[in-house]
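These figures come from a predicted structure and were not determined experimentally. In each ligand, atom 1 is the first atom listed, and ligand 1 is the first ligand listed.
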Amino acid sequence: MPVSAESTVLSFEDARRVVEQHAAKISPPAAESVELLVSGGRVLAEDVFADRDIPPFPRSTRDGYAIRSDDLAKLPATLDVIGEIKAGETSDKILTNIDPGQTVSIMTGAAVPDGADAVVMVEYTTRHTDRVEITRSTTPGENIVPRGAEAKQGSRLLDRGTRLNEAAVALAASVGKSRLQVYARPRIAVLSTGDEIVDITATPAPTQIRNSNSYSLAVQILRAGGQPMLLPIARDEPQRLRALIEEGLRCDLLLMTGGVSMGRYDLVEQVLSELRAEFFFTGAKIQPGKPVVFGRCGADTLARDKASEKPTYFFGLPGNPVSTMVTFELLARPMIEATSGQLPRKLAFLHARLKSEIRVKPGLRRFLPAVLSGEFEQSEVELARWQGSGDIAATALANCYVVIPPDSERIPSGDWIAVMLR
Ligand code: AMP
Ligand code: MG
């Protein structure tokens, strides 16, 4: 049964949970193979396993002397130096058994010989030709990473669905994966609506506004792992709007901006209802972005050339540019991430000290453009001075949003406050 667009306004947390529940049902896109060097930011479509123990030998973490810790019971101790082991040494010195009273000079990253159970840092030693005097005791295992301590051969190192960052790429490199299977970027349709909106190449009449939302969304979609597909601007006219929405629904996900408020020409919900859309919410108690809409259109309602017969999810994001950016980040992003095959991730905020008092009316959870400053552990945050959710200029100067809970009226300066980075 299609749910009508009768208003369902949820708290922010509930709206987010609804999105997360639907995101969890999304199946990942097709996979493709890419070179490791260009895999950063992509989403793994395979699990990555350890091809051997890591480290593959007991590894010295210091330059110094490999010793038997029993030999250092009495200090200073003088030991016979029977050799030297460099990192990468392939000679059978590695197999040398160190007998009591013996040691080898060893470098960081080299294989610790059998018999030795610790490495004494070179700083605590004095070398006399083929003998060395040691002035510090050690505990067994000190400065050695045992073979296989980081990972056993065959164990899973990276899960399918991981977004590849530098550490994940380093790990893949360390097990010899010169190519990786990653998911193809899903196609995310972007439809800006509004009679006053003109293309950025046009000369706007005095009361016309250039389309900036399609461009901010394209950046956010790319960052979230999708491929933005910009549709032409839709006039506030039902037939043309419907045709463009139908086109957008052929992509993997559709993001619309504008036309979801209560105005006479806010036609997006009306047209979606005609398409027998199912609405999961038609508003969230947030500022900016309250009129945000989330739903899906069944495959049966549309003539589709999509390979599968899956329904297509859509968001109607409010048209005010900052509302569009904020609602994408808070609510649309998990769907883009899921559509691109990523494992789910909870939204977490950081905290900073508030520089100057904030007073607001309670009732909505607010995400207000702000400037995070300070240095090292002394992070401070201050609201940007803005003219409301249409103010792109103030938002471009901001570098984060402060998160104000719905029950707050006054937050004094010096308080810790939640911050969402962007
Ligand atoms: P709406 O959500 O359609 O009521 O639009 C709210 C405000 O956002 C209006 O001032 C619009 O002019 C503005 N707006 C809507 N769409 C865009 C867009 N694509 N780019 C820039 N501003 C927009
Ligand atoms: Mg409009």
Which residue and atom name correspond to the protein heavy atom nearest [atom], and how close is it?
atom	answer
atom 18 (C) of ligand 1	N213 ND2, 3.1 Å
atom 10 (O) of ligand 1	N320 OD1, 4.2 Å
atom 4 (O) of ligand 1	S261 OG, 3.6 Å
atom 12 (O) of ligand 1	E196 OE2, 2.6 Å
atom 21 (C) of ligand 1	S212 OG, 3.3 Å

Check each atom of ligand 1 against the heavy atoms of [X] and keep those under 4.0 Å away; list them by number with element.
X	value
S192	19 (N)
N211	18 (C), 19 (N), 20 (N)
G258	1 (P), 2 (O), 3 (O)

Partners meeting ring-ring contact (aromatic ring centres under 6.0 Å, His included) with Y183 (sequence neighbours left out):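 None.
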Should the heavy atoms of other residues, nucleotides or ligands under 6.0 Å from CG of L37 be counted, would the total exceed 12?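 Check fails, neighbour count at 12 or below.
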Take atom NZ in K361; do more than 12 heavy atoms of anything else shown fall under 6.0 Å from it?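 No, NZ of K361 has 12 or fewer neighbouring heavy atoms, counting only those of other groups under 6.0 Å.
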Have a look at ligand 1 and work out which part of R210, if any, has a heavy atom under 4.0 Å from it: side chain, backbone, both or neither.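 For R210, the contact with ligand 1 is made by the backbone alone.
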Answer side chain, backbone, both or neither: which part of I197 comes under 4.0 Å from ligand 1, heavy atoms only.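 For I197, only side-chain atoms sit under 4.0 Å from ligand 1.
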Name the option, out of G194, P318, A234, G259, that contains the heavy atom nearest to atom 1 (P) of ligand 1.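 Closest candidate by heavy-atom distance is G259.
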Pair [X], [Y]: side-chain N/O donor-acceptor within cut-off below 3.5 Å:
X	Y	value
R127	Y65	yes
S356	E382	yes
S214	N211	yes

Would G319 count as a polar contact of ligand 1, with the cut-off being nitrogen or oxygen pairs under 3.5 Å?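 Yes, since at least one N or O of G319 sits under 3.5 Å from an N or O of ligand 1.
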Decide whether an N or O pair under 3.5 Å exists between S214 and ligand 1.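 Between S214 and ligand 1, no N or O pair is found under 3.5 Å apart.
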For D266, what residues pass the salt bridge (Lys or Arg N to Asp or Glu O under 4.0 Å) criterion, not counting sequence neighbours?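 Counting only residues at least two positions away or on another chain, D266 forms no salt bridge (Lys or Arg N to Asp or Glu O under 4.0 Å).
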Test item, G263 contacting ligand 1 (heavy atom, 4.0 angstrom):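 Contact check G263 vs ligand 1: negative.
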Using the ring centroid of each side chain, check whether F12 and F367 are separated by less than 6.0 Å.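 Judged by ring-centre distance (under 6.0 Å), F12 and F367 do meet the cut-off.
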Are the ring centres of Y313 and F294 closer than 6.0 Å?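 Distance test on ring centres: under 6.0 Å, yes.
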